Amino acid sequence: MDSVDTIFALSSGAPPAAIAVMRISGPRAFDAVKALAGTLPPARKASLRKLHDPENGSLLDEALVLVFPGPTTATGEDLAELHLHGGRAVVRGVENALAHIQGLRRAEAGEFTRRAFANGRIDLNEAEGLADLLAAETEWQRRSAAAMAGGAFSAQVEQWREALLRLAAMLEAELDFSDEDDVGEQDYSNISNGCIELHDAISGHLSYPAAEKLRDGLRVVLAGPPNSGKSTLLNALVSREAAIVSDIAGTTRDLIEVPVSLEGIPFLFTDTAGLRDESGDVIELIGMERAERAMAEADMLLWLGPQGDAPKHTALVQIEAKADLADHTRKSDAIIVSARTGQGMPELVAFLVKHARDMLPPPDAFALNQRQRHLLRDTALFLSHASRAHDPLIMAEELRQARLALDALTGRASTEDMLDALFGRFCIGK
């Protein structure tokens with residue numbers, strides 16, 4: 001048996017469907033095709049074949065068969081695809097036949113993509129971008145994930161790595177051509193300046209908004225005293241009855257979170273318990289504590305209470321709700337809305353979308369996740385240390401640590417636990 005298993009899985013949507021694509025990857029992929037189809041079709045050419053069960057010869061399906069010799073394939077291995085009729089029985093029959101072929105087994109979640117990474121077809125950043133692309137639900141998410149999956153960030157990291165290697169080579173040359181007695185007296189200002197330039201270039205990318213805001217949605221929290229119209233406004237913003245609306249104070253006891261896309265931008269709207277000075281209800285008190293935490297973590301805070309009671313927040317938006325009521329009086333610097341009549345709602349949505357664009361990474365630009373930002377901060381820190389080092393040996397060590405951090409970004413240096421967590425995000429057929 002080959003040391004590397006040959007894996008198979010359905011890589012298209014769950015049946016029933018018009019077409020079901022079965023993917024096979026590994027050293028015995030072509031043997032599996034011959035076992036089912038009898039002959040191997042020409043490489044990279046769709047060919048119609050009758051598929052038979054190798055054990056009893058029964059007809060499984062008539063399908064299009066494609067074979068792609070490695071290493072120039074998606075996984076870097078020999079790869080085959082069976083384009084089947086998309087019925088459940090057909091798919092199940094082909095899967096069972098493949099499972100009984102020696103050396104073949106069903107793929108685990110993300111295993112095709114993990115093999116692509118292991119065989120150098122993609123790096124870690126592109127794999128993370130692909131995972132985000134598969135999970136994208138809005139146009140903004142799709143465009144950002146496509147930029148990462150397409151290698152835009154990896155190309156930038158490779159430029160930084162080449163610059164770092166040049167600095168290390170310059171330092172080694174200086175050390176090689178200096179006498180041991182005057183090593184400490186050499187002028188390394190050109191290398192220090194290069195470290196500063198590279199530090200500044202990397203730090204500039206750390207100022208971009210984080211990918212988590214784009215992936216999870218901008219957190220917009222609605223807060224204020226009881227009966228201020230928070231739940232009614234939430235329902236109007238998400239266009240459905242997500243929260244119970246009642247004139248009874250304290251109806252909302254816990255956080256109600258609703259993800260929604262507005263003009264292609266992901267938001268996570270959060271309704272909170274009404275805030276008041278005192279309450280004899282233990283459950284309501286817990287709800288108010290959670291509301292306070294949600295307000296502190298909000299990207300934008302819509303305050304529906306009196307202006308004088310508004311909490312301090314960097315992105316606080318004063319909302320004057322219930323504009324349809326007869327006793328409504330306008331407050332300064334507030335957005336006037338009526339969730340019941342729709343008054344001011346288009347203006348509020350436009351306001352949220354406009355400010356959200358400033359909080360998210362630009363479209364078609366890659367967004368950095370927490371892992372990537374952490375490693376870039378480490379790289380910048382090591383470069384900063386190197387630029388200030390007076391001992392060339394310390395400078396060389398700081399440059400080496402900076403290179404290791406960059407290598408971890410692309411997966412040149414990585415741990416199995418981290419890889420397991422990443423590729424576990426993928427579906428079975430990917």
Side-chain angles (χ1 to χ4, degrees), residues 137-141 143-144 207-226 228-240 242-243 252 254-275 287-323 330-339 342-363 365 367-370 373:
E137 296 182 351
T138 71
E139 180 65 11
W140 204 284
Q141 290 170 330
R143 291 166 69 177
S144 178
S207 63
Y208 293 176
E212 284 75 16
K213 290 186 184 296
L214 183 58
R215 185 178 63 222
D216 302 334
L218 284 174
R219 184 178 292 273
V220 179
V221 174
L222 289 72
S228 56
K230 300 183 299 298
S231 297
T232 304
L233 181 58
L234 173 74
N235 292 340
L237 285 168
V238 302
S239 300
R240 65 184 179 89
T252 301
D254 203 352
L255 303 181
I256 298 175
E257 296 184 335
V258 186
V260 69
S261 172
L262 299 177
E263 298 187 21
I265 296 176
F267 289 89
L268 182 64
F269 287 104
T270 304
D271 187 16
T272 61
L275 301 174
M288 288 193 287
E289 290 176 1
R290 293 183 178 181
E292 295 281 359
R293 288 198 297 269
M295 291 161 58
E297 297 170 357
D299 295 310
M300 282 190 276
L301 177 60
L302 305 188
W303 178 251
L304 280 70
Q307 287 179 311
D309 296 338
K312 292 183 178 179
H313 194 279
T314 55
L316 185 138
V317 183
Q318 181 75 46
I319 301 294
E320 178 61 25
K322 301 184 178 181
R330 176 163 186 159
K331 299 175 182 177
S332 61
D333 301 325
I335 298 178
I336 312 299
V337 299
S338 170
Q343 177 187 343
M345 290 302 300
E347 291 77 11
L348 175 57
V349 170
F351 176 89
L352 294 174
V353 168
K354 177 179 181 297
H355 285 270
R357 294 182 190 277
D358 297 331
M359 295 182 177
L360 292 176
L368 304 183
N369 61 33
Q370 185 176 3
R373 296 172 71 85

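Since this is a predicted model, take the numbers as computed values, not measurements.
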Scanning both residues in full, the closest heavy-atom pair of A356 with F267 reads CB-CZ, 3.6 Å

With sequence neighbours left out, the residues meeting side chain to side chain donor-acceptor pair (under 3.5 Å) with E347 are none

(message) Quick one, L360 and K213 - any side-chain contact, counting heavy atoms below 4.5 Å?
(response) yes

- prompt: Does a sphere of radius 6.0 Å around CD in E137 hold more than 12 heavy atoms from other residues, nucleotides or ligands, not counting ones at 6.0 Å or beyond?
  reply: no

Here the ring-ring contact (aromatic ring centres under 6.0 Å, His included) pairs for residues 342-362, sequence neighbours left out, are F351-H355

Closest non-hydrogen contact found for P311 with L301 is CG-CD2, 3.6 Å

Donor-acceptor pair, side chain of S228 and main chain of P225, under 3.5 angstrom: yes

Determine whether P266 and L214 make a side-chain contact, defined as any pair of heavy atoms from C-beta on separated by less than 4.5 Å.
-> yes

Any sub-3.5 Å donor-acceptor pair from T138's side-chain atoms to I265's backbone N or O?
no

The side chain to side chain contact (heavy atoms under 4.5 Å, CB included) partners of S338 (sequence neighbours excluded) come to A323, D324, R340, T341, Q343

- Task: Compare all side-chain heavy atoms of I319 with those of V337 and state whether any distance is below 4.5 angstrom.
- Result: yes

Determine, stepwise, if the pair V349 / L237 fulfils side-chain contact (heavy atoms from CB on, under 4.5 Å).
CA-CA 8 Å; V349 170; L237 285 168; 4.1 Å; yes

Interatomic distance, OG1@T272 vs CG@L255, rounded to 0.5 Å, equals 7.0 Å

Paired with V260, the side-chain contact (heavy atoms from CB on, under 4.5 Å) test is passed by just one of V220, V238, L268, namely V238

Residue pairs passing the side-chain hydrogen bond (donor to acceptor under 3.5 Å, both in side chains) test with at least one member in residues 255-270, sequence neighbours excluded, are R219-E257

So CG of L262 and CH2 of W140: to nearest 0.5 Å the spacing works out to 12.5 Å

So salt bridge (charged side-chain N to carboxylate O under 4.0 Å, His left out) across residues 229-239, not counting sequence neighbours, yields none

Across all chains, not counting sequence neighbours, the side chain to side chain contact (heavy atoms under 4.5 Å, CB included) partners of A315 are M300, H313, M359

Nearest heavy-atom contact between L234 and F269 is CD1-CB, 3.5 Å

Between A321 and L304, the two heavy atoms sitting closest are CB-CD2, 4.0 Å

CG of D299 to CG of L218, rounded to nearest 0.5 Å, is 5.0 Å

CD of Q318 to CD1 of I335, rounded to nearest 0.5 Å, is 9.5 Å

